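Written out below as structure tokens is the structure these notes cover.
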Amino acid sequence: MSKIQVSHAVLDYVDNGKSFNAINDLDLFVEEGEFVSIIGSSGCGKSTILSVLSGIRPLTRGEFLIDGEAVDGPGKNRGIVFQHYSLFPWMTSRRNISFGIKQINNEIKPREVDEIAKQYLEKVGLHGFENKYPFQLSGGMQQRVAIARTLAMEPDILLMDEPFGAIDAKNKLVLQDVLLELLLNEKKKTIVFVTHDVDEAILLSDRVFFMYNKKIEEEITIPFDRPRVREDIFKTPEYLKLRERIMALFFRDVMENIGGNEVVI
Ligand code: ADP
């Protein structure tokens with residue numbers, strides 16, 4: 001039994017009486033402890049799937065199970081990290097994290113909450129920034145706090161919606177490495193990560209799902225052992241082949257959408 005099972009999923013958005021189909025007959029199976037990325041062009045339905053997995057949006061039709069049980073809303077077993085850091089601006093880093101911990105356990109003593117918050121800030125490399133407010137931190141640091149807050153809530157399943165999409169190129173690499181290292185040391189989590197960055201998907205994932213035409217069209221297994229070191233992986237022939245394969249899927253998508261055989265730049 002897969003940890004996450006989505007079968008024959010259909011989701012229609014209804015807006016002003018009009019219905020728009022965003023995902024159609026989609027199947028998605030994720031094993032316990034697996035890291036999968038969902039990749040695809042803008043508008044193909046990646047974020048819609050995450051909103052279904054988070055429980056925010058019910059499916060129009062189809063089945064969604066976690067650990068074999070039907071899911072009918074949000075739950076403490078799932079944590080979400082969004083592209084925009086979603087921190088409370090009036091709370092320090094530590095208080096943002098403490099707030100998250102208290103949401104899932106309001107019996108835990110304040111001193112203990114504080115200690116856990118500090119530990120998670122250290123894990124994301126923000127020791128010494130406990131009392132800073134979001135406006136005193138860079139975008140990358142704010143995203144580290146957001147990741148720490150979600151991890152401190154100890155969800156089994158981590159849903160990440162382009163978490164590094166708004167971070168500059170250099171800090172994005174740093175954050176990918178922070179995430180890789182964090183996950184090595186954390187209790188095993190099942191992760192669904194949405195991105196449109198091919199290198200990021202290959203570096204982080206066990207499997208990459210390419211989304212097209214409102215469903216998962218291809219599954220690509222990433223064969224690299226962990227721990228993974230970017231510089232070692234990126235120069236291997238396997239990496240170049242995987243990259244080429246995924247880029248070809250994007251290219252086909254572009255060609256079909258412009259309806260021609262030539263791309264004119
Ligand atoms: P992606 O994350 O891959 O960019 P989305 O899941 O955000 O794609 O969107 C899939 C499709 O559903 C898009 O065509 C988008 O315009 C449409 N869509 C997303 N949210 C809504 C909504 N609330 N109401 C109507 N259509 C929506």
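Note that the coordinates shown come from a computational prediction; the quantities given were computed from them, not determined experimentally. Both ligands and their constituent atoms are indexed starting at 1 by order of listing.
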Show your working on side-chain hydrogen bond (donor to acceptor under 3.5 Å, both in side chains) between Ser2 and Glu31 and close with a plain yes or no. CA-CA 5 Å; Ser2 300; Glu31 305 308 319; 2.9 Å; yes

Dump the intermediate steps for side-chain contact (heavy atoms from CB on, under 4.5 Å) on Ser7 and Phe29, then the final yes or no. CA-CA 8 Å; Ser7 340; Phe29 296 89; 4.0 Å; yes

Could you check Lys3 against Asp67 for salt bridge (Lys or Arg N to Asp or Glu O under 4.0 Å), going step by step and ending with a plain yes or no? CA-CA 5 Å; Lys3 178 83 179 168; Asp67 295 325; 3.1 Å; yes

Could you walk me through whether Lys188 and Glu32 satisfy the salt bridge (Lys or Arg N to Asp or Glu O under 4.0 Å) test, starting with their C-alpha distance in whole Å, then the side-chain angles of each, then the deciding distance to 0.1 Å, before giving a yes or no? CA-CA 8 Å; Lys188 203 83 172 128; Glu32 171 121 46; over 6 Å; no

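Counting the atoms of ligand 1 from 1 in the order shown, those under 4.0 Å from a heavy atom of Lys46 are 1 (P), 2 (O), 3 (O), 4 (O), 6 (O), 8 (O). Residue contact check: Thr48 has heavy atoms under 4.0 Å from atoms 5 (P), 6 (O), 9 (O), 10 (C) of ligand 1. Interface of Ser42 with ligand 1, defined as ligand atoms under 4.0 Å from a residue heavy atom, comprises 4 (O). Ligand 1 places these atoms under 4.0 Å from at least one heavy atom of Ala22: 12 (O).
Using a non-hydrogen distance threshold of 4.0 Å, Cys44 registers as a contact of ligand 1. At a 4.0 Å cut-off, at least one heavy atom of Ser41 sits close enough to ligand 1 to count as contact.
Lys102 forms no cation-pi arrangement with Phe99, by the criterion of a distance under 6.0 Å to the ring centre and an angle within 45° of the ring axis.
By the criterion of a heavy-atom distance under 4.0 Å, neither the backbone nor the side chain of Asp15 is placed next to ligand 1. Only the side chain of Arg57 comes within 4.0 Å of ligand 1, judged by heavy-atom distances.
Contact detail for Ser205 and Arg226: the closest heavy-atom pair is C-NH2, 3.4 Å.
Looking at Glu162 and Thr195, their side chains never bring a donor and an acceptor atom within 3.5 Å of each other.
The nearest protein atom to atom 7 (O) of ligand 1, hydrogens excluded, is given as Ser47 CB, 3.8 Å; this is a heavy-atom distance. For atom 8 (O) of ligand 1, the closest non-hydrogen atom on the protein side is Gly45 N, 3.2 Å. Of the protein's non-hydrogen atoms, the one nearest atom 27 (C) of ligand 1 is Tyr13 CD1, 3.3 Å. When only non-hydrogen protein atoms are considered, atom 4 (O) of ligand 1 lies nearest to Gly43 N, 2.6 Å.
Using a 4.0 Å threshold on non-hydrogen atoms, atom 16 (O) of ligand 1 does not count as touching the protein.
Between Arg252 and Glu218 there is no salt bridge, since no side-chain nitrogen of the basic residue lies less than 4.0 Å from a carboxylate oxygen of the acidic one.
Between Trp90 and Phe88, the ring planes are tilted. Angles from 30° to 60° get that label.
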